[in-house]
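In what follows, a structure is listed as structure tokens, so that the remarks can point back to it.
Remember, it's a predicted structure, so these values are computed and weren't measured experimentally.
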Amino acid sequence: MEIQRILFPQTGRCTERELYFRLDRKDSASCEKIRTQHVLGNQEIVFERHGKAWFDTYFNGLSIEKWRKYTIVSNISLKIKISGSFKVSLVNKEKIGNFISEKVLLEQILESAEPQEFVLPYADGGDKGMHTFAIEALKDDSRFYGGAYITELDGQTARAVKIGIGICTFKREAFIEKNIKILNEAILENECSPLRGHMEVFIADNGKSLDRDRLQSNNIHIYPNRNLGGAGGFTRDMIEMLQNNAQHHITHVLLMDDDIVIEPEALVKTYMVLSLIKDEYQEAFIGGAMLRLDQQYRQIEAGASWNGGALESLKQNLDLRLCDACLYNEVEEYTEFNAWWYCCFPIEVVREDNLPLPIFIRGDDLEYGLRNMKRLILMNGICVWHEPFENKYSSFLEYYIMRNQLIDNSFHCQWYGRKQVNRTMFKHCVQEIMFYRYKNVDLYLQGIRDFLKGPGWLMAQDGEALHKKVMSEGYKGQPLEELTMGFHYPQYEASLGETHTLKTRISRNLTFNGIILPSKGDNIVSMAAVKTPQCYRKKRVMYYDASAKKAFVTERSFAKTVHYLMKTIGMLFAVSRKLNKAQEAYRTEGLKLRSLEFWKGYLEI
């Protein structure tokens, strides 16, 4: 049984070669010629004599320790297809502290004039970290055509698994159509895929903009849906799976974002793990890492911990071209949830009394994970590529940030009380005031005010109407030519590297970031990554989104600074009076928010 194929880079998915294999390179000092060659798009590597390739990589290493721990796999062999002559080395690698332990488990010479498959077993003695291999050509024009890691089940039986993919989208037709095309070609219409016949796709179309007649099929189901955010879309997918499961026989739900690039083999690997999982881990979640879309080798997160709002993204910013980073991924750490850009769990989790909370966006996935996830399995190669969050900024999110954090913590972090709320709120509002983003302070405080009204208020809301109101009250990026302040790229670029001395830091602290001093010019800063010193003594600040090429401008006002400081202080007193009552209401009456009865009315289905 094949449990993991050897992959090659491919245009339209990932072209970062060192995520798949590492080849000989030309030595510029000696001018030694390159001994290996791979042409992008080809499923083979051509070698001259002594050419080498290593496969201790993100997609082509095997997470042997996790396969042994979580599944019934007890033996592993490498199936490899070659022509010519090679020395093949089977290797086990493990990260131990700051060094890499490497054990050669087998070395063998393989020769064939024509393309031929060989099977080499991994010997006992190396079952930690990662299994991998390396090949060296012993003749010119030797060729490697791929292969797979395989296992024999020794009389044991694989489980019957069917995955229901749930996608929520809002007017992102290009991403959806691209991913449907990938799923159709690689899995749904591919007779060679082990996942064919074991997958259904459910798409909640919150924007009601997809061409259903053209995109739907026997295995792809599209549901026009009210725009109630990610929470509403993903819950709609779960409800459709739950209520139609007599027809579809789904065993596992896999939630995925709409604006991602998929590696189909990640889905296949997820399916193989679920098919072979041990009884004691049947309830485990399987998570996918988030990799950057613009730097495809860069990992943003692989599992996360909530910590009451002090979110910790695990294994952040790893360069997955490096073997050390891949081996670090093999080290398991404490996790509390996996974001819904790729999160798989048993269908049994989805019950009529156990649906997500209707909090629109920001916190729906983490709350559901805190509520239901007992164990998270993460493996190299199970991932999606996603636009990094620092390239995104939405002012309206200020409303949801603290409101939803308070809702989530009411259920799961009862230690999070008035002291923690007031400290977090005051720090955040003061920072936004220093940025002159006064609308954001209003949105943030309104979110807290609405939380204090209790779950009855949330149940009574028209989620779409509320969101439209919230959207209308935040800042919106505009085309640069429509702004009254001129855009100058060198000024923006200079602001990214601005540093401040101890003297200016003291001055900022003593003068409320210069608000009581005369202003000195304007600045252009990153919309999503501004820092307080960049606004020091500035009259106007342009917030620029480099990806959208849009911006908005704020202007400092002493009167508004005082006004919003007073509003923030007033909210401190409101929190002190009302927080405990609101939290208790969510823990009791708020349970209705996750029921099928509530969601059917909320979604109008």
Side-chain angles (χ1 to χ4, degrees), residues 170 227-231 306 308-311 357-367 388-410 416 420-453 457-458 461 463-478 513 525-532 534-535 541-545 548 550-557 560-561 563-572 574-575 579 582:
F170 181 79
N227 182 25
L228 295 172
W306 173 232
L311 181 67
L357 291 174
I359 54 180
F360 199 91
I361 195 171
R362 282 291 181 98
D364 46 352
D365 50 359
L366 76 88
E367 193 282 326
F389 293 131
E390 71 258 30
N391 290 350
K392 295 182 175 183
Y393 178 82
S394 297
S395 177
F396 73 83
L397 288 176
E398 292 290 328
Y399 172 81
Y400 294 104
I401 289 171
M402 194 59 171
R403 190 201 74 171
N404 293 353
Q405 181 173 322
L406 288 167
I407 293 172
D408 291 346
N409 284 346
S410 294
Y416 193 82
Q420 290 80 10
V421 174
N422 284 340
R423 182 173 61 236
T424 302
M425 175 181 62
F426 191 76
K427 179 180 178 182
H428 185 86
C429 289
V430 165
Q431 185 178 61
E432 289 298 316
I433 291 169
M434 289 180 175
F435 293 158
Y436 318 145
R437 298 195 299 206
Y438 304 113
K439 290 182 180 181
N440 285 359
V441 181
D442 266 334
L443 284 167
Y444 191 84
L445 295 179
Q446 185 61 48
I448 298 173
R449 194 175 296 113
D450 286 348
F451 167 79
L452 295 176
K453 296 173 184 176
W457 173 87
L458 185 57
Q461 295 308 299
E464 279 188 300
L466 174 63
H467 183 64
K468 287 178 181 177
K469 180 176 182 295
V470 169
M471 289 274 288
S472 70
E473 294 175 356
Y475 295 101
K476 296 178 180 63
Q478 296 176 273
N513 207 41
V525 303
S526 168
M527 192 182 291
V530 61
K531 297 178 181 177
T532 309
Q534 295 169 326
C535 302
V541 179
M542 177 186 288
Y543 292 89
Y544 176 61
D545 182 339
K550 292 184 177 182
F552 64 85
V553 177
T554 64
E555 186 170 353
R556 85 170 189 169
S557 164
K560 287 184 178 180
T561 295
H563 172 73
Y564 282 100
L565 277 174
M566 292 300 101
K567 287 190 74 169
T568 301
I569 292 170
M571 186 58 70
L572 295 177
V575 167
L579 180 68

Item checked: Residue pair E432 / Y564, side-chain donor-acceptor N/O under 3.5 Å ->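 Side chains of E432 and Y564: no pair found under 3.5 Å.
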Next item on the list: Examine the side chains of Q420 and R423 and answer whether a donor and an acceptor come within less than 3.5 Å of each other.
Entry: no
Look only at the side chain of [X] and the backbone of [Y], and say whether a donor-acceptor pair between them is shorter than 3.5 Å.
| X | Y | value |
| --- | --- | --- |
| N409 | Y416 | no |
| Y438 | H563 | no |
| Y543 | V530 | no |
| S395 | Y475 | yes |
| K476 | M471 | yes |
| N404 | R362 | yes |

So which atom in [X] and which in [Y] form the shortest heavy-atom distance, rounded to 0.1 Å?
| X | Y | value |
| --- | --- | --- |
| M425 | T568 | CE-O, 4.2 Å |
| H467 | F396 | CE1-CE1, 3.5 Å |
| G447 | R403 | O-CG, 3.1 Å |
| D364 | L357 | CB-O, 4.5 Å |
| G308 | Q405 | O-NE2, 3.5 Å |
| M434 | C535 | O-CB, 3.5 Å |

Next item on the list: Go through the steps to decide whether R437 and F552 satisfy the test side-chain contact (heavy atoms from CB on, under 4.5 Å), and finish with yes or no.
Entry: CA-CA 10 Å; R437 298 195 299 206; F552 64 85; 4.2 Å; yes
Within a strict 4.5 Å, meaning less than it, do heavy atoms of the [X] and [Y] side chains meet?
| X | Y | result |
| --- | --- | --- |
| I407 | L458 | yes |
| F170 | N227 | yes |
| V541 | Q534 | no |
| N422 | L579 | no |
| E398 | V470 | no |
| Y399 | L466 | yes |

[X] [atom1] to [Y] [atom2] distance, which is reported to the nearest 0.5 Å:
| X | Y | atom1 | atom2 | result |
| --- | --- | --- | --- | --- |
| D545 | M527 | CG | CE | 5.0 Å |
| L445 | R449 | CG | CZ | 6.0 Å |
| L406 | T424 | CG | OG1 | 9.0 Å |
| I433 | N440 | CD1 | CG | 11.0 Å |

Next item on the list: Apply side-chain contact (heavy atoms from CB on, under 4.5 Å) to F435 and N513, showing your working.
Entry: CA-CA 9 Å; F435 293 158; N513 207 41; over 6 Å; no
Note to self: Using the rule given for side-chain contact (heavy atoms from CB on, under 4.5 Å), can you reason through D450 versus W457, listing the C-alpha separation, both sets of side-chain angles and the distance that settles it, and then say yes or no?
What the structure shows: CA-CA 8 Å; D450 286 348; W457 173 87; 3.3 Å; yes
Notebook entry, point to check: After noting the C-alpha distance and the side-chain angles of Y400 and F360, does the key distance pass the ring-ring contact (aromatic ring centres under 6.0 Å, His included) rule?
Noted result: CA-CA 8 Å; Y400 294 104; F360 199 91; 5.5 Å; yes
Notebook entry, point to check: Taking everything shown except K469 itself, do over 12 heavy atoms lie less than 6.0 Å from its NZ?
Noted result: no
Notebook entry, point to check: Would one find more than 12 heavy atoms of other residues, nucleotides or ligands at under 6.0 Å from atom NZ of K567?
Noted result: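 Yes, the 6.0 Å shell around NZ holds more than 12 heavy atoms from other groups.
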Notebook entry, point to check: Does a side-chain N-to-carboxylate-O contact under 4.0 Å join E464 and K468?
Noted result: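 Here E464 does not pair with K468 in a salt bridge, since their nearest N and O are not under 4.0 Å apart.
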Check: Is there a side-chain contact (heavy atoms from CB on, under 4.5 Å) between F426 and M571 once you walk through the steps?
Finding: CA-CA 9 Å; F426 191 76; M571 186 58 70; over 6 Å; no
Check: For K439 and D442, what are the C-alpha separation, side-chain angles and deciding distance, and is it a salt bridge (charged side-chain N to carboxylate O under 4.0 Å, His left out)?
Finding: CA-CA 5 Å; K439 290 182 180 181; D442 266 334; over 6 Å; no
